Number of protein chains: 2
Amino acid sequence: MVTIRDVAERANVSLGTVSRVLNGHPAVRPVAREAVGRAIAELGYVPNPAAQSLRRMKSHALGLVIPDLLSPMTVTLTRAVEDVAGRAGYTVFVADSRLDEGLEASHIARLLERRVDGLLVSPVQPIAAVERCVSKMGRVPTVLVQLRKPVREFPTAFVDEQPAVYECAEHLVSLGHRRVAVLHSGSRAGGGRFRRDLIRGALAERGITGGGDLDRSFAETGECYAAAMAALNGPERATAILVGVHKFVPPVLRAIRDANLRIPDDVSVVSFGDSDWAESISPPLNVVVVDQAAHAEGAMALLLKAISGEPLRERHFRSESIYVRRGSVGPAGGCVND
Amino acid sequence: MVTIRDVAERANVSLGTVSRVLNGHPAVRPVAREAVGRAIAELGYVPNPAAQSLRRMKSHALGLVIPDLLSPMTVTLTRAVEDVAGRAGYTVFVADSRLDEGLEASHIARLLERRVDGLLVSPVQPIAAVERCVSKMGRVPTVLVQLRKPVREFPTAFVDEQPAVYECAEHLVSLGHRRVAVLHSGSRAGGGRFRRDLIRGALAERGITGGGDLDRSFAETGECYAAAMAALNGPERATAILVGVHKFVPPVLRAIRDANLRIPDDVSVVSFGDSDWAESISPPLNVVVVDQAAHAEGAMALLLKAISGEPLRERHFRSESIYVRRGSVGPAGGCVND
DNA sequence: CTGTTAGCGCATTCAT
DNA sequence: ATGAATGCGCTAACAG
């Protein structure tokens, strides 16, 4: 292993000088700087990050805790975070909680032990629980992402879905839909009850009462399939289904297929979140989406500022989602029960 | 920050003793061991990984370089790797090359600079290029994964697709398919030409010559759509399409839709790789898949052994893929050109 | 069995 | 502008 010391000898300078050029310290004679540069190149010297971390008391690593790597939106977010972090000289540990609160907690603990300089969490647990995890070892700078609204305890990047949801509700109502099912996540990730309430509110303002049997939460694929089936059967079946978590669209499609129904003739479908699949199947799905890259950049800006110790002028970063019309929403006419 | 020294004082033992209990050294009096344990708990001591790394000259981190996080198979692999690695006391840096050779190279370089103890690479670059990257800084233990066949330069985990491909070919031929299009990745990841040749071989043994216009490679969504369109048009259009990369199934579906064709009446489809979507759309897709978790475990076993310095008795780990029949393959009768 | 000691590679302070 | 010296937190070798 070639160390800073080897470089120093090769360049006929002291160890301190090498360190200085490495860290861009101005007070170094150009001649020396150049000699060091040459020595580094010739020896193929690479700084030892463990030694740097130990000395600087900084790991130059960040932690990103996301709810589910199988969600394409999450992947987009992850990539954007890595890009921004990389440009700022950080590497990032990605931890996938798989929608499991306990796993999320243990991931946060592990990242804290690894002494990450900052944490980005898209929480599955209640905020208070996240707070407890993060505080366990003296509160590292932390930003919560993918929330639906800002919270008091942390700086956050949140997505305001109200405009998109209102537009979507308007669209459905104008096409005659009266019985709209809302299938939402049982976990906090993906909006959960908050998102359901937002949708219900938008619908209610347009005279659609609902909820009750039509609203169902679920935690995994099988439950989601059952929930969709339930909404699709019975005397007063739904004419439209809003799926609150993109990865659970497939079981909903399966339920519709198994119920011998067709999109959008018999039932309309809107997904929260998007993917190539949603855009490519027949018919392509209407979706409510947010620009995850912009979201990630906003969050990273907050985090980097927090790490640098600057007080945050704006504690929260707001994005807005949009409603994209494709081919999965049609008139409610197909339903004979109306 | 509470250090080993604080623990030592609190437990009235020396620094060395604390270190010993921490590392499970046997020669420690039970009384001392217990006192140290108590002190650790009371102080909430957590070892500093940077200091450990520096001293041990081991980072206890692994690097996993994968071609595309948007592929569900890759995510499954990633999760399995993290599980096994975690149990062995390693954390893993996941780097997504996004099917880009240059990005893969720079990721490998970054991981090497981070001084990972081992590397798992699902290569997009030619093997020789990977070899060059990895050798740049004195060859860290490296295992190549998701290959189609073992290579000389590295220990590998590979997937033998021959049995599944032969079964699939048999299925298609028995249903009267004569014009089969093979859409494969232009990059090495996902099989590329190797997979195409395997398929062509299987088909040829059953008397189906082909290739030529019917075989097309692509690097991104738009190209794949065009390739599918081309196969679907013309006087002698394909009656079956094999899609070599799962994430590129959506554009193929779009092309089929845009060509006003139906699956499986007009055209049969088989995908390499699987997902909830493939299983849930109408009709559900036939697929060729491999158990990624088992694959990952095999690869990790090789890597951990290599890291420990043991000579590898078996340098390669073999998995076998299977052909899953669902609803996307039917008789070739729908094609009037036959 | 346990205390003491010597670095691991580097950034930084203090002289010069 | 630069060399020398110090110590970050920890492990391992050595001497008791």
Side-chain angles (χ1 to χ4, degrees), chain A residues 1-40 43-61 89 91 112-117 137-138 140, chain B residues 1-40 43-61 89 91 112-117 137-138 309:
Chain A
M1 160 165 296
V2 31
T3 79
I4 207 179
R5 176 177 216 110
D6 303 321
V7 176
E9 288 177 6
R10 184 91 141 112
N12 283 316
V13 296
S14 84
L15 184 158
T17 301
V18 176
S19 179
R20 273 180 280 254
V21 322
L22 247 34
N23 295 287
H25 192 107
V28 178
R29 229 181 350 164
V31 211
R33 183 182 302 281
E34 200 190 320
V36 169
R38 211 174 18 250
I40 287 178
L43 267 42
Y45 166 79
V46 171
N48 181 320
Q52 291 183 317
S53 295
L54 181 58
R55 185 56 237 247
R56 296 189 173 131
M57 307 267 256
K58 292 224 160 304
S59 63
H60 271 252
T91 41
L112 259 25
E113 290 172 10
R114 271 275 166 181
R115 301 290 209 277
V116 292
D117 294 336
M137 316 186 29
V140 164
Chain B
M1 159 165 293
V2 31
T3 80
I4 207 179
R5 179 177 212 107
D6 303 320
V7 175
E9 288 177 5
R10 183 91 139 118
N12 284 314
V13 295
S14 83
L15 188 158
T17 301
V18 177
S19 178
R20 274 181 282 254
V21 322
L22 248 34
N23 294 288
H25 192 105
V28 180
R29 229 182 350 159
V31 210
R33 184 183 301 280
E34 200 190 321
V36 169
R38 215 175 13 251
I40 287 177
L43 267 43
Y45 165 79
V46 171
N48 181 320
Q52 292 181 316
S53 295
L54 181 57
R55 189 52 236 248
R56 297 189 176 132
M57 307 265 257
K58 292 225 159 304
S59 63
H60 271 252
T91 41
L112 259 25
E113 289 172 11
R114 270 276 166 180
R115 302 289 210 277
V116 292
D117 295 336
M137 314 186 30

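What you see below is based on every heavy atom in this structure, not just the backbone, and it leaves out hydrogens, waters and symmetry mates. Because the structure is a prediction, the values reported are computed rather than measured. Here is how names work: the chains are called A, B, and so on, in the same order as the sequence lines, proteins then strands, and each is numbered from 1.
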Inset, instruction - Indicate, with a heavy-atom threshold strictly under 4.0 Å, whether A:Ala32 touches base, sugar-phosphate, or nothing. - result: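 A:Ala32: backbone/sugar contact only, no base atoms under 4.0 Å.
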What integer distance in Å separates [X]:[atom1] from [N]:[atom2]?
| X | N | atom1 | atom2 | answer |
| --- | --- | --- | --- | --- |
| B:Arg55 | D:dA13 | CZ | C1' | 9 Å |
| B:Arg5 | D:dC10 | CZ | C1' | 12 Å |
| A:His25 | C:dC14 | NE2 | P | 14 Å |
| B:Leu54 | D:dG9 | CG | P | 12 Å |

Legend entry - Note, B:Arg20 side chain near B:Thr17 side chain (heavy atom, < 4.5 Å): yes
Given [options], which nucleotide is nearest the side-chain atoms of [X]?
| X | options | value |
| --- | --- | --- |
| B:Arg29 | D:dT2, D:dT11, C:dT2 | C:dT2 |
| A:Ser14 | D:dT2, D:dG9, D:dA5 | D:dT2 |
| B:Thr17 | C:dC10, D:dG9, C:dT2 | C:dT2 |
| B:Ala51 | C:dT2, D:dG9, D:dA5 | D:dG9 |

Tell me which donor-acceptor pairs under 3.5 Å the side chains of residues 4-11 of chain B have, and how far apart each pair is, sequence neighbours excluded?
unit_1, atom_1, unit_2, atom_2, d
B:Asp6, OD2, B:Thr3, N, 2.8
B:Arg10, NE, B:Glu42, OE1, 3.4
B:Arg10, NH2, B:Glu42, OE1, 2.9

Inset, instruction - Of all the heavy-atom pairs spanning A:His60 and A:Asp117, show the shortest one and how long it is. - result: N-OD2, 2.7 Å
Legend entry - Side-chain donor-acceptor contact under 3.5 Å, B:Arg115 with B:Ser53: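 Not at all, the side chains of B:Arg115 and B:Ser53 share no donor-acceptor pair under 3.5 Å.
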Short side-chain N/O contact from [X] to OP1 or OP2 of [N], under 4.0 Å:
| X | N | answer |
| --- | --- | --- |
| A:Asn23 | C:dA11 | yes |
| A:Gln52 | C:dG9 | no |
| A:Ser19 | C:dA11 | yes |

Inset, instruction - Check whether the side chain of A:Arg20 and the base of D:dG3 form a donor-acceptor pair under 3.5 Å. - result: yes
Inset, instruction - Would you mind telling me which residue lines up with the more 5' stretch of DNA chain C, B:Arg115 or B:Arg33, judged by nearest nucleotide? - result: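 Its nearest nucleotide being more 5', the pick is B:Arg33.
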Inset, instruction - Would you kindly compare A:Gly16 and A:Met1 by the position of their nearest DNA chain C nucleotide and give the one closer to the 5′ end? - result: A:Met1
